[in-house]
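Reviewing the structure listed below.
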Amino acid sequence: FGCDDLGTNTIDFWVQDVNGNWDYVATTISVQDNMGACGNVPGIYGAIETEYAEPVEGAEVVLSGGSGTLPPPVLTNAQGFYEFPPVTSSDNFVVTPGKNDGIRDGVTVLDLLLLSRHLVGLETLDSPYKLIAADVDHNERLNTFDIIEMQRLLLYLTNEFPNNTSWRFVDVDYLFPNPANPWLSTFPEVIAINGLDGGNSAANFVGIKVGDLTEDALSNANGVSGDRSFADHLQWKLQEQWLEAGKTYRVEFRASDFERIAAYQFGLHFDPAVLALVDLLPGESGVVNAEHFGLSMIDEGVITAAWTSPNPQVGSTLGEDEVVFSLLLRAQRPARLSEVLTLSPRYAIAQAFDVDLQGFALGLTYESEAIRPELLLYQNQPNPFVEETIIGFELPEAGEATVSIYDVSGKVLKVIRGSYAKGYNQLGLSRSDLSTTGVLYYELRVGDQTLTKKMILME
């Protein structure tokens with residue numbers, strides 16, 4: 001190989017074993033002039049940065065055209081730079097960048113709020129790149145459908161924007177004829193290179209994270225995340241409750257200092273082995289309803305929420321202690337509500353914004369204290385049963401307990417004694433443990449306290 005072979009070369013690699021058998025594989029060899037021995041060899045390189053000069057890492061850049069073998073795509077590094085091996089100078093090429101990962105990066109309800117303000121003429125998006133970022137459905141106009149698609153993304157009802165990619169790119173040298181309408185003429189998302197004339201050619205782009213109007217997306221490994229932290233806080237106020245297995249509870253989310261709030265988002269998490277969602281209920285004012293929640297991950301115990309005010313100029317002032325929405329939850333096991341229902345930053349940073357775009361951290365406050373029952377005996381599950389059932393009970397302290405099973409005449413059929421831990425315990429009961437069927441009773445005795453419930457063993 002010599003200077004004429006700089007770049008990617010396709011070869012057949014042959015191998016012969018000791019018995020004289022031959023085989024080969026087609027592969028490539030990249031020849032580089034790292035020491036500059038070949039002089040000025042033409043090449044194509046460039047950089048990709050955001051509107052505010054933040055490097056875009058991990059963009060795949062493809063070189064097409066030309067008459068010879070083309071080098072494979074390359075990725076931009078942490079400085080947003082890419083470079084292709086030297087190519088034939090007399091050919092024409094097209095440089096095309098692409099990036100379609102991290103669809104939710106940088107997208108929050110603040111972006112929805114900014115787009116809403118733009119649509120009502122309250123505050124226009126001030127650059128063609130922000131306008132392109134706001135056109136999430138890629139139809140070259142901004143409307144409420146873009147807000148809907150952004151909200152669906154935040155609620156995890158979708159994992160992509162329709163007809164669009166996560167990032168778009170524009171030739172850095174392109175001047176928009178009308179920056180307030182970037183779609184007035186077709187803007188270049190590729191760069192054509194018509195012959196290198198014996199030298200190098202730079203192809204630089206502006207990277208645009210779709211849906212991110214505030215440049216919050218972390219575009220490179222050396223950058224700083226745009227996730228905001230706020231000194232001021234807003235709280236959802238909830239009543240602490242002790243949950244008993246098998247019962248349904250209405251959990252009200254009440255407002256605290258929600259004045260002129262224009263948008264909020266959060267993710268709730270609960271243990272699906274402990275709680276099950278029965279229903280979502282709108283609040284007293286009807287400001288928040290089911291369309292502002294995402295239940296696509298409810299089996300994992302995740303509820304997402306994203307809300308923007310229909311009037312971004314005025315917002316919504318919620319009265320102190322006003323019920324904004326409620327959850328109907330059925331307890332599967334005994335638990336304290338505050339221990340099993342929490343905010344989850346994994347799916348959405350809990351935050352809110354008022355009409356002046358001031359940000360607030362959003363939290364949960366559990367009021368009062370749930371009184372834990374001293375002794376609880378739960379309904380056996382399943383009931384009625386045919387072969388096996390589970391009896392659950394709750395002890396205020398670790399210690400001895402006795403469970404007795406008897407029939408309607410009072411005859412004792414089974415006695416189970418043991419040492420049990422503080423809190424929830426359970427024991428299994430089989431058909432073979434009992435000598436009769438029909439209506440039976442089971443009794444829990446701890447010290448001088450007893451609790452009794454009825455169960456049914458089917459024929």
Side-chain angles (χ1 to χ4, degrees), residues 1-13 25-34 38 40-51 55-103 128-129 132-133 135 138-140 160-176 182-183 185-210 219-220:
F1 294 94
C3 290
D4 292 338
D5 303 303
L6 291 177
T8 302
N9 298 266
T10 301
I11 64 167
D12 294 338
F13 185 74
V25 63
T27 187
T28 59
I29 290 181
S30 178
V31 181
Q32 302 177 6
D33 181 20
N34 297 318
C38 297
N40 186 22
V41 180
I44 297 173
Y45 62 91
I48 302 179
E49 297 179 336
T50 67
E51 178 183 7
V56 178
E57 183 179 6
E60 183 182 71
V61 187
V62 177
L63 189 65
S64 59
S67 58
T69 301
L70 291 171
V74 294
L75 297 176
T76 53
N77 60 18
Q79 289 73 45
F81 183 76
Y82 72 92
E83 182 176 13
F84 287 104
V87 295
T88 306
S89 62
S90 60
D91 284 341
N92 299 328
F93 300 94
V94 175
V95 180
T96 305
K99 185 172 169 64
N100 196 29
D101 56 7
I103 188 71
Y129 304 111
I132 295 170
D135 179 29
H138 205 326
N139 65 354
E140 300 188 352
E160 61 184 6
F161 288 131
N163 308 311
N164 212 342
T165 54
S166 179
W167 285 79
R168 296 182 68 181
F169 303 90
V170 177
D171 183 349
V172 73
D173 295 325
Y174 179 72
L175 297 177
F176 291 90
W183 307 285
S185 59
T186 302
F187 51 83
E189 299 188 73
V190 301
I191 293 178
I193 298 174
N194 298 320
L196 297 178
D197 298 326
N200 297 323
S201 183
N204 302 316
F205 295 86
V206 175
I208 304 167
K209 174 61 184 66
V210 177
S219 60
N220 62 82

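If you read the sequence from its start, that first residue is 1, and numbering goes on from there.
In this view, D173 satisfies the salt bridge (charged side-chain N to carboxylate O under 4.0 Å, His left out) rule with no residue, not counting sequence neighbours. Partners of E189 under the side-chain contact (heavy atoms from CB on, under 4.5 Å) rule, at least two apart in sequence or in another chain, are R168, F187. Listed by chain and residue number, nothing satisfies the salt bridge (charged side-chain N to carboxylate O under 4.0 Å, His left out) test with E140 (two or more places apart in sequence, or in another chain). Qualifying side-chain contact (heavy atoms from CB on, under 4.5 Å) partners for N163, counting only residues two or more places apart in sequence or in other chains: H138. Looking at residues two or more places apart in sequence or on another chain, you find a side-chain hydrogen bond (donor to acceptor under 3.5 Å, both in side chains) between D101 and K99. For P182, the side-chain contact (heavy atoms from CB on, under 4.5 Å) partners are P128, L131, I132, F176, not counting sequence neighbours. S185 meets the side-chain hydrogen bond (donor to acceptor under 3.5 Å, both in side chains) test with Y174; sequence neighbours excluded. With sequence neighbours left out, T50 forms a side-chain hydrogen bond (donor to acceptor under 3.5 Å, both in side chains) with E215. Listed by chain and residue number, S127 satisfy the side-chain hydrogen bond (donor to acceptor under 3.5 Å, both in side chains) test with E51 (two or more places apart in sequence, or in another chain). The side-chain contact (heavy atoms from CB on, under 4.5 Å) test applied to N139 returns D135, D137, R141, N143, not counting sequence neighbours.
Summarising the geometry of A133 relative to I208, their closest heavy-atom pair is CB-CG2, 3.7 Å, with the distance given to 0.1 Å. Closest approach of N204 to A47, counting heavy atoms only: OD1-N, 2.8 Å. In this structure, L75 and G58 approach most closely via the heavy-atom pair CD2-O, 3.9 Å. Looking at every heavy atom in both residues, E49 comes nearest to P55 through CG-CA, 4.1 Å. Here the closest heavy-atom approach between residue N100 and residue S166 is recorded as OD1-N, 2.8 Å.
Between T76 and F205, every side-chain heavy-atom pair lies at or beyond the 4.5 Å cut-off. A 4.5 Å side-chain heavy-atom check between P97 and W167 finds every atom pair outside the cut-off. By the 4.5 Å heavy-atom criterion applied to side chains, I191 and V94 are not counted as neighbours. Between F169 and V61 the shortest side-chain heavy-atom distance does not fall below 4.5 Å.
To the nearest 0.5 Å, atom OG1 of residue T96 and atom CG of residue L63 are 8.5 Å apart. Rounding to the nearest 0.5 Å gives a distance of 13.5 Å between CZ of F84 and OH of Y45. Remark: T165 OG1 to K209 NZ distance equals 9.0 Å, nearest 0.5 Å.
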